[in-house]
Trainee: 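The structure follows.
Note that this is a predicted model, so its numbers are computed, not measured. Reminder, nothing fancy here: chain letters follow the sequence lines and each chain counts from 1.
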There are 2 protein chains.
Amino acid sequence: MKLFKVPEPTIMRLSLYSRVLEQMEERGIPVISSVELGDAVGINSGVVRKDLSMFGEFGVRGVGYNVRELRDNIRRLLGQDRTWPIVVIGAGQLGSALAAYPGFRQRGFDITALVDVDAAKIGTDVQGIPVLSWDEATNMIQEKEIKMAILAVPAEDVQATAQKLVDLGIEAILNFSPVILKLASVQVQNVDLTVFF
Amino acid sequence: MKLFKVPEPTIMRLSLYSRVLEQMEERGIPVISSVELGDAVGINSGVVRKDLSMFGEFGVRGVGYNVRELRDNIRRLLGQDRTWPIVVIGAGQLGSALAAYPGFRQRGFDITALVDVDAAKIGTDVQGIPVLSWDEATNMIQEKEIKMAILAVPAEDVQATAQKLVDLGIEAILNFSPVILKLASVQVQNVDLTVFF
DNA sequence: CGCTGTGAAGCCTTTCACAGCT
DNA sequence: AGCTGTGAAAGGCTTCACAGCG
């Protein structure tokens, strides 16, 4: 167990392990070896062991890892053992799809509301998630102390919208608009959906 | 100019440079230095120069890089100088949003069709992109020699759908379903939309 | 003089093999 | 015997500084 500094690639992989363990847990499999876990995510078993060993000794030699225990530990490490409220800005096609994406809830993100400027959308809902005006959203963000936002607005509105969010106390922004967003003092993750091909 | 082996991080960054250069080009800026380009994407200028130098000598010492020329070169390197037809499998909320996402077209991906099994959706369109049945899609994929697909189907259908695509000759799959997809002999990129926080 | 192109050094991650526990 | 935890070595990427050219 080192814990001096955890490599970023390791953190990304923890996310993958978490998903596999979830499935194993559902299927009632009690124990998994590093080889099996590695195969499931498509990497070498040594990587799995090294990754896990950075946080503690979760395994049993000669046996493997207890699925539920390991899952719980990884969840805790990733901050997935609690629920994080988030807002989605932009109730267009992409924003609505992201709000409905089941993965967020599965990982402990609670999409509290969508926000839009279009009066025709305000007051409606997307699979039970309400679409709010900025006035309503401002109250909610401050009341519920929401710190994270997903941005899915037209390219030309991104920078101004992001600044508004920062002023409201948002600390992490996941930007899906096809524009590189830059902000000081806030954690910004730009996601270019086309970059993966 | 090395070209022995190009680091993956470099390729990811080329995508970013490409976007910035596009904007510069639109604004009519003829020349850009590595410092400016670096600032625009949030990295050190040395990285920019090293990245670009792997493919050739695009810059002029004492001056900088010709925006249009550099943009064209990067496009060519990324295979963005031609149009790639793709299909989106799953015309649900996420699939529709991806089909409508402007970034794909901007980067030379031509979304030819959506595919779904829901009879109520087949025959409709999403912003002008037709929703086809599997029979229709099978013909189109073979006729137009489509080699790439975006997967946005329910978790339980992912593996079977992917196999069907491979059998139809698809060579690259971008999987947005919240399931890790594994296939031999085909390039699969799993995108977990929640991994970024 | 300014900015590119690049070698060399430093740092971080992965790989490998095996000691050590059950 | 089986599988984990980990040190040591290898490999790859980034940083730095500067030579070289316009």
Trainee: Taking the six-membered ring of A/W84, is NZ or CZ of A/K147 closer than 6.0 Å to its centre and within 45° of its axis?
Mentor: no

Trainee: Specify the separation, in whole Å, of atom CG of A/D51 and atom P of D/dG5.
Mentor: 12 Å

Trainee: Identify which one of B/L37, B/V67, B/V31 satisfies the side-chain contact (heavy atoms from CB on, under 4.5 Å) criterion when paired with B/M24.
Mentor: B/V67

Trainee: Regarding C/dT6, can its base be found pairing with the side chain of B/K50 as donor and acceptor, where the two atoms are less than 3.5 Å apart?
Mentor: no

Trainee: Taking the side chain of A/V47 as heavy atoms from C-beta outward, which of C/dT4, C/dT15, D/dT6 is closest to it?
Mentor: C/dT15

Trainee: NA contact type, B/G64, heavy-atom cut-off 4.0 Å: base, sugar-phosphate, or nothing?
Mentor: sugar-phosphate

Trainee: Look at all strands and tell whether A/E8 reaches a base, only sugar-phosphate, or nothing, counting heavy atoms closer than 4.0 Å.
Mentor: sugar-phosphate

Trainee: Would you say a side-chain N or O of B/S33 is under 4.0 Å from OP1 or OP2 of C/dC3?
Mentor: no

Trainee: Whole angstroms only, please: what is the CG-P distance between B/L70 and C/dC3?
Mentor: 16 Å

Trainee: Starting from the 5' end of DNA chain C, give me the residue, A/P7 or A/V60, whose nearest nucleotide shows up first.
Mentor: A/P7

Trainee: Check each of B/L52, B/N73, B/V6 against B/L14 using the side-chain contact (heavy atoms from CB on, under 4.5 Å) test, and report the only one that passes.
Mentor: B/L52

Trainee: May I ask you to verify if any side-chain N or O of B/Y65 is less than 4.0 angstrom from the OP1 or OP2 atom of C/dG2?
Mentor: no

Trainee: Applying a 4.0 Å non-hydrogen cut-off, can you work out what A/K5 is touching in the nucleic acid: base, sugar-phosphate, or nothing?
Mentor: nothing

Trainee: Could you give the CG-to-P distance, from A/N44 to C/dT13, as a whole number of Å?
Mentor: 17 Å

Trainee: Let me know the distance between OH of B/Y17 and P of C/dT4, rounded to the nearest Å.
Mentor: 12 Å

Trainee: For A/M1 and B/G46, find the nucleotide of DNA chain D closest to each by heavy atoms; which residue's nucleotide sits nearer the 5' end?
Mentor: A/M1

Trainee: What nucleotide among C/dG7, D/dT4, C/dT13 has an atom nearest to a side-chain atom of A/P9?
Mentor: C/dT13

Trainee: So does B/R75 pair up with B/E22, basic N to acidic O under 4.0 Å?
Mentor: yes

Trainee: Starting from C1' on D/dG2, measure out to CD1 on A/I32 and report it in whole angstrom.
Mentor: 16 Å

Trainee: From C-beta outward on A/R49, which listed nucleotide comes closest to its side chain: C/dT14, D/dT6, D/dC13?
Mentor: D/dT6

Trainee: For a quick check, tell me whether the side chain of B/R61 and the base of C/dT4 share a donor-acceptor pair closer than 3.5 Å.
Mentor: yes

Trainee: Give the rounded distance in Å between these two atoms: CG of B/L52 and P of C/dG5.
Mentor: 7 Å

Trainee: Can you tell me the distance, in whole Å, between the CD1 atom of A/I11 and the C1' atom of C/dT13?
Mentor: 13 Å

Trainee: Nearest whole Å is fine: how far is D/dC3 P from A/E57 CD?
Mentor: 18 Å

Trainee: If you look at every heavy atom in A/V115 and A/A137, which pair is closest and at what distance?
Mentor: CG2-CB, 3.5 Å

